[in-house]
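See structure below.
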There are 2 protein chains.
Amino acid sequence: MSITTNDIAKICQVSRTTVLRALNNQGRISEETKERILKTAKELGYRPDLLARGLVKGRTMYIGVVVFDVKNQYFAQMLSAIETEAQKQGYSVNITLHDKNKTKEIELIRKLADYHMDGLILSPVNEGEEFAHFLKNLGIPLVIIGNKVSDTLPFVGIQEKEAAKEAVEKIIKTGYEEVIFVCPPLGGIDEGNIFTHRERLAGFCDVIAANTKISSQILSNYDYIEEAKKIVKDSGKKTAFFCSGDIFALEIMKELKKIGMKTPRDYGIMGFDDIEFLNYITPRLSTIYNSVEEVSRTAVKLLIRQMQGESVSMNYFENYHIIDGETL
Amino acid sequence: MSITTNDIAKICQVSRTTVLRALNNQGRISEETKERILKTAKELGYRPDLLARGLVKGRTMYIGVVVFDVKNQYFAQMLSAIETEAQKQGYSVNITLHDKNKTKEIELIRKLADYHMDGLILSPVNEGEEFAHFLKNLGIPLVIIGNKVSDTLPFVGIQEKEAAKEAVEKIIKTGYEEVIFVCPPLGGIDEGNIFTHRERLAGFCDVIAANTKISSQILSNYDYIEEAKKIVKDSGKKTAFFCSGDIFALEIMKELKKIGMKTPRDYGIMGFDDIEFLNYITPRLSTIYNSVEEVSRTAVKLLIRQMQGESVSMNYFENYHIIDGETL
DNA sequence: TTGAAAGCGCTAACAA
DNA sequence: TTGTTAGCGCTTTCAA
């Protein structure tokens with residue numbers, strides 16, 4: 001149904017090769033035939049078949065992206081930045097989602113590879129060496145963003161642990177006597193890659209270990225909100241929550257507000273990520289800006305360098321910084 | 001570099017057709033050769049080339065999706081639902097973004113068509129008959145979601161106008177003497193398709209026309225927040241804002257809070273969309289639930305019916321309902 | 001300046 | 001049960 005170079009060739013009484021030369025504007029060709037061909041091509045609404053081109057060229061000018069959740073604004077910002085940067089560099093982006101399903105994630109990655117994506121950007125829930133091996137076996141350039149899989153795969157992110165340390169130190173310096181690390185299970189079918197959260201916890205623990213007078217606790221259950229309530233009500237100390245993700249902080253603030261507890265009057269709280277939505281929340285949540293846009297842009301650039309055959313390092317870190325809000 | 005049916009055929013000493021029969025498990029083939037072929041295929045890590053398959057089959061089992069913004073949670077929820085439903089039906093989804101750039105939008109749609117997406121789901125910023133004509137000319141099934149383009153293209157959404165009417169009526173019934181419709185320019189390179197907002201405005205106007213004692217005003221400038229402040233401070237009346245989108249409502253609430261004005265004490269306010277993020281905002285915003293998930297699922301089903309050759313109607317409306325929050 | 005031919009990897013109709 | 005052949009629409013090399 002759709003028009004091909006063959007059709008044009010027949011109509012213009014020339015060979016397909018000639019048609020191609022006109023269309024792609026390469027090779028020697030007389031102005032006259034070229035004009036004629038281009039005119040009919042336009043009239044007929046010719047469009048090149050990108051599947052065919054991809055098949056023969058071996059590349060598609062497409063970057064595949066796999067993330068698990070787009071309702072989380074962190075990923076929304078990431079996708080938006082990736083798309084913009086990729087388009088700037090002449091690539092299209094194919095985004096796919098899997099809602100934290102590990103098996104589906106692998107299927108999606110495979111399918112993108114089978115479709116000859118020129119490169120992949122992944123923020124995976126799978127982890128471990130087997131998965132890393134699977135990725136390397138795909139034989140196509142890729143970049144991991146956020147959830148590190150292995151030291152042998154190019155990764156872009158921030159120094160999560162350092163950032164967490166700085167945050168906890170700040171909390172302590174502000175005068176809090178007790179710091180609670182909050183990171184509930186992340187939902188989804190299986191637990192998933194929680195590299196970032198592990199790193200943040202490690203940073204937290206480091207600082208706590210170095211400050212023996214500070215009490216601490218780790219909330220990692222689904223009912224972290226109930227526990228948070230108890231802590232604020234019962235603990236006689238000045239308490240602050242350090243949440244591994246802004247959303248958890250917002251949940252706590254919302255629920256504590258219901259029982260009349262306000263931050264920073266009754267407790268301190270800090271998030272992580274600085275998602276755009278925080279702008280609509282009062283009081284302004286203190287958090288850590290994680291440069292998701294920069295990270296995304298770097299990932300695209302790094303991927304393209306690989307696609308051009310360059311060899312690249314395995315770790316790229318963007319800057320982060322603490323956002324002084326009103327909740328400490 | 002990657003392994004093809006040809007390679008397997010050579011190794012197994014059979015024809016490519018036989019290999020295919022084994023792989024696709026169709027046609028008569030001896031158990032023994034089949035086993036042999038499948039074994040080597042597995043050993044070599046054979047994967048079918050989807051570009052080649054798509055080229056010859058004329059279909060790719062892919063649905064292309066084009067939206068302009070994923071940071072807006074309305075679209076995030078939409079994409080998530082589309083992806084889930086499509087996967088359930090055996091299709092993959094290719095999501096692309098363009099940040100409200102009309103030209104880019106057309107390019108993206110074209111490219112997806114050139115890549116033989118089996119169908120498209122669009123929520124376009126372009127509008128008008130020329131655009132509708134362009135879409136129909138693509139010759140591939142498609143569904144418009146949210147921003148209606150033309151009565152001649154299948155559309156899924158809600159009855160925006162009716163919903164707006166109901167909302168404004170509710171506001172009036174609650175006792176407000178002045179109702180302000182809020183819909184600032186939507187940003188982006190050009191104005192874009194604002195079908196939904198136009199419809200909502202129409203509903204607003206209808207109700208206002210029928211209630212002559214109610215004062216009204218329309219805020220449609222970038223500085224709607226400043227104007228909103230003035231109105232609440234100066235107007236002696238009981239005033240409510242009806243915002244064509246939750247985000248505008250949140251902006252107003254945030255800024256008015258800064259000058260000590262609170263809802264519902266000092267003014268009433270209502271949003272539109274019921275984005276998930278509202279759960280983190282207090283007081284709970286009154287708004288309209290627009291069934292974005294149902295709309296998305298219907299869009300996918302409708303698209304697939306078209307891809308299977310069925311003819312479909314042009315308008316599908318899902319239910320909406322008013323969410324009674326604490327801001328009226 | 002133009003054309004012929006081979007091939008990308010797969011499917012599908014027809015033969016043997 | 002297996003193989004042969006043609007073809008999807010394009011690119012690319014070589015020849016005219």
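Heavy-atom basis, side chains included; hydrogens, waters and symmetry copies ignored. Each chain gets a letter, A, B and so on, in the order the sequences are listed, and its residues count up from 1. Predicted model, so just to flag it, every value in this text is computed and none were measured.
- Evaluation of the ring-ring contact (aromatic ring centres under 6.0 Å, His included) rule for B:Tyr62 yields A:Tyr115 as partners, not counting sequence neighbours.
- Of the charged side-chain nitrogens involved, at least one lies within less than 4.0 Å of a carboxylate oxygen, so that B:Lys39 and B:Glu43 count as a salt-bridged pair.
- With salt bridges taken as basic N to acidic carboxylate O contacts below 4.0 Å, one links B:Glu85 and B:Lys88.
- Residue B:Leu20 is classed as a base contact, given a heavy-atom separation below 4.0 Å to a base.
- When the salt bridge (charged side-chain N to carboxylate O under 4.0 Å, His left out) test is applied to B:Lys136, no partner is found at least two apart in sequence or on another chain.
- With rounding to whole Å, A:Lys10 atom NZ is found 15 Å from C:dG3 atom P.
- Nucleotide D:dT1 holds its P atom 15 Å from the CZ atom of B:Arg36, rounded to whole Å.
- For C:dC8, the OP1/OP2 oxygens have no side-chain nitrogen or oxygen of B:Thr4 closer than 4.0 Å.
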Which atom pairs link the protein and nucleotides 3-5 of chain D when you take only N or O atoms and keep those under 3.5 Å?
unit_1	atom_1	unit_2	atom_2	d
D:dG3	OP2	B:Ser15	N	2.9
D:dG3	OP2	B:Ser15	OG	3.3
D:dG3	OP2	B:Thr18	OG1	2.5
D:dG3	N7	B:Arg21	NH2	2.8
D:dG3	O6	B:Arg21	NH2	3.4
D:dT4	O4	B:Thr17	OG1	2.6

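- A straight line from CG of B:Asp7 to C1' of C:dG9 spans 10 Å, rounded to a whole angstrom.
- One interatomic measurement links the two molecules: CG of A:Leu55 to P of D:dT12, which rounds to 12 Å at whole-angstrom precision.
- The nearest whole Å value for the distance from the CZ atom in A:Arg59 to the P atom in C:dC8 is 18 Å.
- Rounded to a whole Å, the CG atom of A:Leu51 is 15 Å from the C1' atom of D:dT11.
- Put simply, CG on A:Asp49 is 10 Å from P on D:dT11, counting in whole angstrom units.
- Identified under the side-chain hydrogen bond (donor to acceptor under 3.5 Å, both in side chains) test for residues 46-55 of chain B, with sequence neighbours left out: A:Asp114-B:Arg47, A:His116-B:Asp49.
- Which of C:dT11, C:dT2, D:dG9 sits closest to the side chain of B:Arg53 comes down to C:dT11.
- Scanning for side chain to side chain donor-acceptor pair (under 3.5 Å) contacts around A:Asn72 gives an empty result, with sequence neighbours left out.
- To the nearest angstrom, C1' of C:dT11 lies 13 Å from CG of B:Leu50.
- The side chain of B:Lys57 lies closest to C:dA12 when the candidates are D:dT12, D:dG9, C:dA12.
- With sequence neighbours left out, the ring-ring contact (aromatic ring centres under 6.0 Å, His included) criterion links A:Phe155 to A:Phe195.
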